[in-house]
Amino acid sequence: MTYVRQYTSKTKLILLAAVCLVLVVSVVKRSTATIGLVNKADLSGPWQMTLLGNTGCGISSMLVTFTLNGSGSATNATITSHVINPTQTCPDGAVSTGNNFTINSLNSNGSGVAGLTCGSGCGWTFNIQVAPDRSIMNLVDVATFNPNNLLQGTAVHQ
């Protein structure tokens, strides 16, 4: 009798573990992209980006929304700004629409260069790094030809 009880207990435990494994596998979201080989088409779709730093308007934080096409370009970027010292040319809460966000170059490891316009004669160049799962992109403006613009941020693929 003891042997049968031990056998039944082990069977129940193994069955419970198998059910849990099947449940975990069925709930996990499968990725269509391969890890490590990032290309512009992988990044297509809607994004939301936050930027913080010094711009021509002073210390600013920005929320940028855009939708990338398969070539890594967006002509629909909307920038909402918050500035510490608002002026007539740089009001607090300004919304700028119809801006361009373009991935200029992208290496297969996710590193590259991107640009964001902010109106006529206004824009930033970013070094970017895309996460292997394509869900996040880090950005930093280190372009020395634009010396008073020091921005950094993160974009999330929605």
Side-chain angles (χ1 to χ4, degrees), residues 19-158:
V19 168
C20 289
L21 180 62
V22 168
L23 180 64
V24 168
V25 169
S26 66
V27 172
V28 172
K29 182 180 176 185
R30 291 178 179 85
S31 173
T32 58
T34 57
I35 300 295
L37 300 175
V38 181
N39 63 56
K40 291 179 183 180
D42 291 336
L43 306 179
S44 63
W47 288 81
Q48 183 171 353
M49 176 169 55
T50 57
L51 296 171
L52 176 65
N54 192 39
T55 69
C57 289
I59 303 298
S60 304
S61 64
M62 291 174 265
L63 176 67
V64 184
T65 57
F66 56 93
T67 301
L68 285 174
N69 64 23
S71 300
S73 296
T75 58
N76 61 343
T78 299
I79 304 171
T80 304
S81 308
H82 178 55
V83 296
I84 288 182
N85 296 313
T87 65
Q88 188 173 13
T89 56
C90 298
D92 193 26
V95 177
S96 174
T97 59
N99 299 292
N100 297 321
F101 182 82
T102 305
I103 298 175
N104 301 321
S105 66
L106 186 64
N107 299 316
S108 62
N109 67 0
S111 66
V113 176
L116 173 64
T117 64
C118 51
S120 179
C122 177
W124 302 284
T125 301
F126 298 102
N127 286 12
I128 63 171
Q129 179 63 57
V130 178
D133 67 357
R134 284 78 160 171
S135 64
I136 296 175
M137 178 186 338
N138 288 323
L139 306 96
V140 61
D141 183 351
V142 294
T144 56
F145 58 83
N146 206 355
N148 292 324
N149 287 278
L150 307 166
L151 287 173
Q152 66 174 357
T154 302
V156 176
H157 201 177
Q158 296 180 313

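- For the pair D92 and P86, the tightest heavy-atom approach, listed with the atom from each and the gap, is N-CB, 3.6 Å.
- Side-chain contact annotation: S71 with S73, donor-acceptor N/O pair under 3.5 Å absent.
- Side-chain N or O atoms of Q129 include none that pairs as donor or acceptor with a backbone N or O of I136 at under 3.5 Å.
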- Query: Between L37 and D42, does a side-chain contact (heavy atoms from CB on, under 4.5 Å) hold up when you go through it step by step?
  - Reply: CA-CA 9 Å; L37 300 175; D42 291 336; over 6 Å; no

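- Checking side-chain atoms of N149 against main-chain N and O of A143 turns up no donor-acceptor pair under 3.5 Å.
- With rounding to the nearest 0.5 angstrom, the OG1 atom of T65 is 8.0 Å from the CD atom of Q158.
- Among the candidates V113, L51, I103, V140, the single residue satisfying the side chain to side chain contact (heavy atoms under 4.5 Å, CB included) test with F126 is L51.
- The minimum heavy-atom distance linking V130 with M137 is given by the pair CG2-CG, 4.1 Å.
- Residue L43 forms a side chain to side chain contact (heavy atoms under 4.5 Å, CB included) with just one option from I128, N69, L68, and that option is L68.
- For the pair N54 (side chain) and N148 (backbone), a donor-acceptor distance under 3.5 Å is present.
- Between S61 and L52, the shortest heavy-atom distance links the atoms CB-CD1, 3.9 Å.
- No side-chain donor from either of T75 and N100 sits under 3.5 Å from a side-chain acceptor of the other.
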- Message: L116 vs I79, test: side-chain contact (heavy atoms from CB on, under 4.5 Å). Steps then yes/no.
- Response: CA-CA 10 Å; L116 173 64; I79 304 171; 4.1 Å; yes

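- Between the OG atom in S105 and the CG atom in N127 there is a gap of 8.5 Å [rounded to 0.5 Å].
- For the pair N107 (side chain) and G112 (backbone), a donor-acceptor distance under 3.5 Å is absent.
- The CG atom of N76 lies 4.5 Å from the OG1 atom of T67; values are rounded to the nearest 0.5 Å.
- Of all heavy-atom pairs spanning K40 and N104, the tightest one is NZ-O, 3.7 Å.
- For the residue pair F101 and A114, the shortest heavy atom distance occurs at CZ-CB, 3.7 Å.
- Atom SG of residue C57 and atom CD1 of residue I84 lie 12.0 Å apart, to the nearest 0.5 angstrom.
- From H82, atom NE2 reaches atom CG of L63 across 12.5 Å, with rounding to the nearest 0.5 Å.
- Heavy-atom minimum distance, T125 versus D141: O-OD1, 3.0 Å.
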- Message: I'd like to know whether T55 forms a side-chain contact (heavy atoms from CB on, under 4.5 Å) with W124, so could you lay out the CA-CA distance, the side-chain angles of the two residues, the decisive distance to 0.1 Å, and finally the verdict.
- Response: CA-CA 9 Å; T55 69; W124 302 284; 4.0 Å; yes

